[in-house]
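The model shown is predicted, which means the values in this text are computed figures rather than measured ones. We use all heavy atoms of the structure for the numbers below, so side chains are in, but hydrogens, waters and symmetry mates are not.
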Amino acid sequence: MISVSLRVILLASIVLVALGRNGTAKGQPSEKANSKSSQTELEQDFTNNLSGAMLIGHFTDSSEKNTFSPHEERYFLQRVRKLESGLWLIQARIQYGEHDLTLPLTLPIEWAGDTPVIQVNKLPIPGLGTFSARVLIHEGYYAGYWQAVDHGGHLFGRIERIKQEPSSGD
């Protein structure tokens with residue numbers, strides 16, 4: 001079973017890149033995708049599209065010798081807002097197994113043109129561990145790599161807009 005610390009870094013990685021510029025579900029480009037936007041517009045779209053989104057994807061774990069099988073993950077992002085100096089505050093609910101927790105995460109986002117990319121380097125998360133990650137988003141999908149102290153893996157998936165927070169039974 002995967003640890004809480006691994007799930008938090010996966011969420012952190014996914015959260016920061018989950019919707020990018022247009023945030024449309026199932027990879028459908030928006031009309032804005034074909035026009036140049038200012039950084040302020042890109043960031044506003046990112047905020048609007050991430051808040052209230054469900055992340056549905058998979059991750060692999062290199063500690064699973066000889067399998068490297070993908071595991072499904074789902075996260076509900078309640079609220080996203082930009083802070084100073086490229087940092088973002090993400091209020092996220094993580095549900096898996098018997099766990100159901102909501103965490104405020106303060107994380108950096110870098111931009112490669114119109115594409116948001118999380119670039120976490122040995123980020124300590126109190127009580128959970130230290131993590132690094134590189135994850136990007138494009139056209140409603142995310143992909144990247146995460147690493148903890150002694151294992152890592154890939155992560156990838158899609159983003160779906162939802163109208164309300166899922167109940168604890170979902």
Keeping the roles fixed (side chain from [X], backbone from [Y]), state whether a donor-acceptor pair exists under 3.5 Å.
X	Y	value
Glu41	Ser38	yes
Ser132	Lys122	yes
Thr60	His154	yes

When rounded to the nearest 0.5 angstrom, what distance separates [atom1] in [X] from [atom2] in [Y]?
X	Y	atom1	atom2	value
Trp88	Thr47	CH2	OG1	3.5 Å
Phe46	Trp111	CZ	CH2	6.0 Å
Glu43	Asn48	CD	CG	12.0 Å
Leu89	Leu83	CG	CG	5.5 Å
Leu50	Arg161	CG	CZ	8.0 Å
Asp114	Ile137	CG	CD1	11.5 Å

For the student: nearest non-hydrogen atoms of [X] and [Y], plus distance:
X	Y	result
Pro108	Ile118	O-CG1, 3.8 Å
Gly152	Tyr145	CA-OH, 4.2 Å
Tyr75	Met54	O-SD, 3.1 Å
Trp146	Leu155	CD1-CD2, 3.3 Å
Glu73	Phe59	OE2-CE2, 2.7 Å
Val80	Ser51	N-OG, 3.0 Å

- Do Leu77 and Leu55 come within less than 4.5 Å of each other through their side chains, counting heavy atoms only?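 With C-beta onward as the side chain, the pair touches.
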- Message: Counting C-beta onward and ignoring hydrogens, is there a side-chain heavy-atom pair between Leu136 and Tyr142 closer than 4.5 Å?
- Response: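 Counting from C-beta outward, Leu136 and Tyr142 never come under 4.5 Å.
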- Task: Determine, step by step, whether Leu103 and Ile90 satisfy the side-chain contact (heavy atoms from CB on, under 4.5 Å) criterion, reporting the C-alpha distance in whole Å, the side-chain angles of both residues, the deciding distance to 0.1 Å, and the verdict.
- Result: CA-CA 8 Å; Leu103 301 171; Ile90 315 293; over 6 Å; no
- Determine whether the aromatic ring centres of His58 and Phe156 lie less than 6.0 Å apart.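 Distance test on ring centres: under 6.0 Å, yes.
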- Message: For a side-chain contact (heavy atoms from CB on, under 4.5 Å) check, start with the C-alpha distance between Arg134 and Asn121, then their side-chain angles and the critical distance, and finish with the verdict.
- Response: CA-CA 9 Å; Arg134 296 292 187 276; Asn121 293 310; 2.8 Å; yes
